Each structure stands twice: as structure tokens, then as C-alpha cells.
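Just so you know, residue 1 is the first one in the sequence shown, and it goes up from there. Just so we're clear, the structure is a prediction, and the values are computed from it rather than from any experiment. Numbering of ligands and ligand atoms starts at 1, following listing order.
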Amino acid sequence: MIEKLNIVPIEEWFSGLSHPLLIAGPCSAESEDQVMATAHGIARMGKVKVFRVGIWKPRSRPGTFEGAGSDALQWLKRVKAETGLLTAVEVATPTHIEMAIEAGIDILWIGARTTSNPFSIEQIAQALKGVDIPVMVKNPVNPDLELWIGSLERLNRAGIAKLAAIHRGFYPYERTRLRNIPKWEIAIDLKSKFPSLPIICDPSHIAGQASLVPEIAQKALNLSLDGLMVEVHCNPTVALSDAKQQLTPIQLDLMLNSLVFRSPSSANNEFVDKLEQFRNRIDSIDQQMIELLGQRMRIVEEIGEYKKNNNVAVFQLRRWENILKSRIDCGKKLGLDEEYIKNLLQLVHNESIRKQADILNRKDKLSAE
Ligand code: PEP
Ligand code: MN
């Protein structure tokens, strides 16, 4: 069962905030100079209102840079005083919350790894009882909408009404063009369930590389998401975390100038009309289907090399029969027509054979020379 959320719109969080909300700043706080240089670079362009930075970094592997810790809270006081930007940090424990509030941080966010754990979220929610501070909740690492909603509900029950979700994509086990699979249909689903809940896109963690950030940011704006949180570093090449995906302040400015923002009247109320929502879900699924076909083809090529080296024929009837049967059975369970699955597989299989035959021929020619 889904609860209704009691939401205060972003424009009412602080005076001067507008829709869509633009947030930018480094992945991690590394030094006072790096934080100040980045903040001034961002503030100078006058478009971004909130400075983000990770000071306690939840790293997947030990031994990687974990942020400057609570020392950085003093740097953020300087950022606020010198630039007028609001400040936002990631919190994962009640102690982080206490320290961040004590230091006058304006907005808190909860990272993807923390959202995945209801015990942590419950502790955070308890620590936030009676505190009036905006909280943004990143989606969990895995594409589990219920877990994301559960975190939002726990915080809302604890009295946090200045609440937003951050869509940062989902971990793909297989390598894809992007670092995280966007699965826009999940963000759309969340918006359909809670139309008043602001959803901010983090294009940096979805893209994983700076050159792809604008494309993802534009997609988020086309879907009428409510803001962007972009990783920006004064010198990304020497960043201690997420170096590849961070923009310089100048690149951020260029991107913000080139993005097409929808007019508030069309973006505000209706999100996107129903047909558009369906189309966006289909687009996202097609994109994932093509990524999967690409991954399948990489394996087909590896098999081609293996067959070549071990003198195995490209086509093996028994294997093909098994593929057909198991996929048709699987399709039937999902209500998909037998002929349809057969035709589709035939197409996929023909292309695989063509690729493997190419590999064999190429090698034959090379060795004949
Ligand atoms: C971050 O924003 O730097 C971060 C750690 O992101 P996520 O929680 O989305 O992985
Ligand atoms: Mn990061």
C-alpha cells in the first residue's frame, strides 16, 4: 500500500529557489582550496543556487578517498558566507546529521547505498524528527522502486516535508555506454505515484563521463524532472573521486546555456501527458534491449574466437534447438506468441552466425597470408 506524501514544493524551501532546481559541486571535498575555487566558479555564473559536496563518502572499496570529513564543514561555512550559495551534503548516520545541522548546512541528501538499507533510513528518520531541513533521497543502487518509496515514506512520517527524490540511475552488472542504467520508467513511475514529489536528476552518476552529462541532463528536462544535481570540480583531471564524470565550472556554464528548459507552464502541473509517459517507458526499455543485444553480441564474438581456436563449427544444430525451445517456453509464460519469439530469435541468431563466420574468415585470410 502506498501512502500519500505531504510535500512542500522546492520554491518554498528557501527564498530565491526556483524551478527547476540547479545544484552543482564536487563529488568529494578534497581541500579547502578545491572547495572554494569550485564554489566561486559555480557562483560566478549566477545560475546555480545550491552547492553540493560529499564530505563523508561511502566508497564501494576500502582504501579509496573517503572525503575530508567534518573538517570540510568549516569550508562550507566559508562557501556560504563568500558566495551566498546554499550548501548540501550527503549524510548516512545520525552523527553526520547532527554535525551538518550544527554547521548550518542547508540541505541534506541520502546516498544510493544508504537508501538501500531500511535500518539506516529508520535511524536517519528518527534523528530528523522535529528538524525542519530539506532532504533529498537518491534512488537505491538496484532498481527497486518500493525501497526508494519506503525511504521517502519513512522520512515523511518523521515530519520531513521538504522532500525530494534524486534519480541517479541503477547499477548495471554488465558494462554499458553509461555508468548507470537510467531506467527512466522508474522515475516516471515514482512521479505518477506522487505527482507533488520533486524529482531531481543526477546526470553525472548516470553518465559516468563528462561528455555524456549534457545528453542525460536534457533527457531529464524533457521528462520535466524538477532539477539537476551536477558534479563540478575546479580541476576534474586531478579529482580524488569520480574524476571522469565531473565538469569544470565553465563546462557547466556551457551546458546550462545549451540545455532547452521547458516553460514552467508546460512543465509544472501535468508532468508529461499520459501518452508521453508511455512513450518514455517504451523508449527506455528499447534502449535497454539494444544495450543487451550489444552485450550478447560481444559474447557471440568471444565464442567465435574460441570456436576458431578450437576448430569448432560455427553452427551447431543441437544448441540452436535448445535456444529456440527454452526461449519460446519463456515467452509463452509472458503471453508472447510462439511465432513472434521464433522470428525474433532467428533474426538475432542469423546475425550471430554472420559475425562468427566473419571472425573465422578473417583469421583464415590472415593465417593464409
Ligand atoms: C555522490 O553523489 O557523489 C554519490 C556518492 O552518489 P551516489 O550515492 O548516487 O552513488
Ligand atoms: Mn560522485
Open item on the list: Restricting to N, O or S atoms, which atom of E231 is closest to the Mn ion (ligand 2)?
Closed with: OE2
Open item on the list: Is a donor from one side chain sitting under 3.5 angstrom from an acceptor on the other, for E11 and H19?
Closed with: no
Open item on the list: Geometry only, no angles: is E231 polar-contacting ligand 1 at N/O separations under 3.5 Å?
Closed with: yes
- [ ] Report yes or no: does a heavy atom of G54 sit under 4.0 Å from some atom of ligand 1?
- [x] no
Task: Atoms of ligand 1 close to W109 [distance to a heavy atom under 4.0 angstrom, numbered from 1] - done: 2 (O)
Task: Q356 (side chain) donor-acceptor with V300 (main chain) under 3.5 angstrom - done: yes
Task: Member of I186, I200, I206 meeting the side chain to side chain contact (heavy atoms under 4.5 Å, CB included) criterion with H167 - done: I206
Task: Subset of ligand 1 atoms that lie under 4.0 Å from at least one heavy atom of G111 - done: 8 (O)
- [ ] Spell out, as yes or no, whether a donor-acceptor pair under 3.5 Å connects the side chain of S151 to the backbone of L147.
- [x] yes
- [ ] Would you tell me which option among R168, R59, R179 has the nearest heavy-atom contact to atom 9 (O) of ligand 1?
- [x] R168
Open item on the list: Checking the N or O distance criterion of under 3.5 Å, is ligand 1 in contact with A112?
Closed with: yes
Open item on the list: So, of the N/O/S atoms that D242 has, which is the nearest one to the Mn ion (ligand 2)?
Closed with: OD2
Task: Output field: ring centroids H349/F315 closer than 6.0 Å - done: yes
Open item on the list: Under 4.0 Å from a heavy atom of C27: which atoms of ligand 1 are those, numbered in the order shown and with their elements?
Closed with: 3 (O)
Task: the Mn ion (ligand 2): angle it makes with SG (C27) and NE2 (H205), nearest 10 degrees - done: 170°
Task: Protein heavy atom at shortest distance from atom 4 (C) of ligand 1 - done: H205 NE2, 3.5 Å
Open item on the list: Counting only nitrogen or oxygen atoms and a 3.5 angstrom limit, does K138 reach ligand 1?
Closed with: yes
TODO: Give a yes or no answer on whether the side chain of R179 reaches the backbone of Q245 with a donor-acceptor pair at less than 3.5 Å.
DONE: no
TODO: Work out which heavy atom in W148 is nearest to a heavy atom in A165; give both atom names and the distance.
DONE: CZ2-CB, 3.6 Å
TODO: Quick one: pull up CG in L85 and CD1 in I42 and give me the separation to the nearest 0.5 Å.
DONE: 7.0 Å
- [ ] Could you tell me whether R52 approaches ligand 1 through its side chain, its backbone, both or neither, with non-hydrogen atoms closer than 4.0 Å?
- [x] side chain
Open item on the list: Check D329 with K325, please: is the shortest side-chain N to carboxylate O separation under 4.0 Å?
Closed with: yes
Open item on the list: Distance under 4.0 Å to a non-hydrogen atom of E90: what atoms of ligand 1 satisfy this?
Closed with: 5 (C)
- [ ] Considering non-hydrogen atoms only, spot the tightest contact between V8 and E12 and give its length.
- [x] CG1-CB, 3.7 Å
Open item on the list: Is there a side chain to side chain contact (heavy atoms under 4.5 Å, CB included) between L360 and V314? Walk through the geometry before answering.
Closed with: CA-CA 9 Å; L360 256 72; V314 164; 3.9 Å; yes
Open item on the list: Using a plain distance cutoff, I'd like to know if D242 has any nitrogen or oxygen under 3.5 Å from a nitrogen or oxygen of ligand 1.
Closed with: no
Open item on the list: Tell me whether ligand 1 is touched by K57 - counting only heavy atoms on the residue side and a distance under 4.0 Å.
Closed with: yes
Task: Sub-4.0 Å atoms of ligand 1 with respect to non-hydrogen atoms of R113 - done: 7 (P), 8 (O), 10 (O)
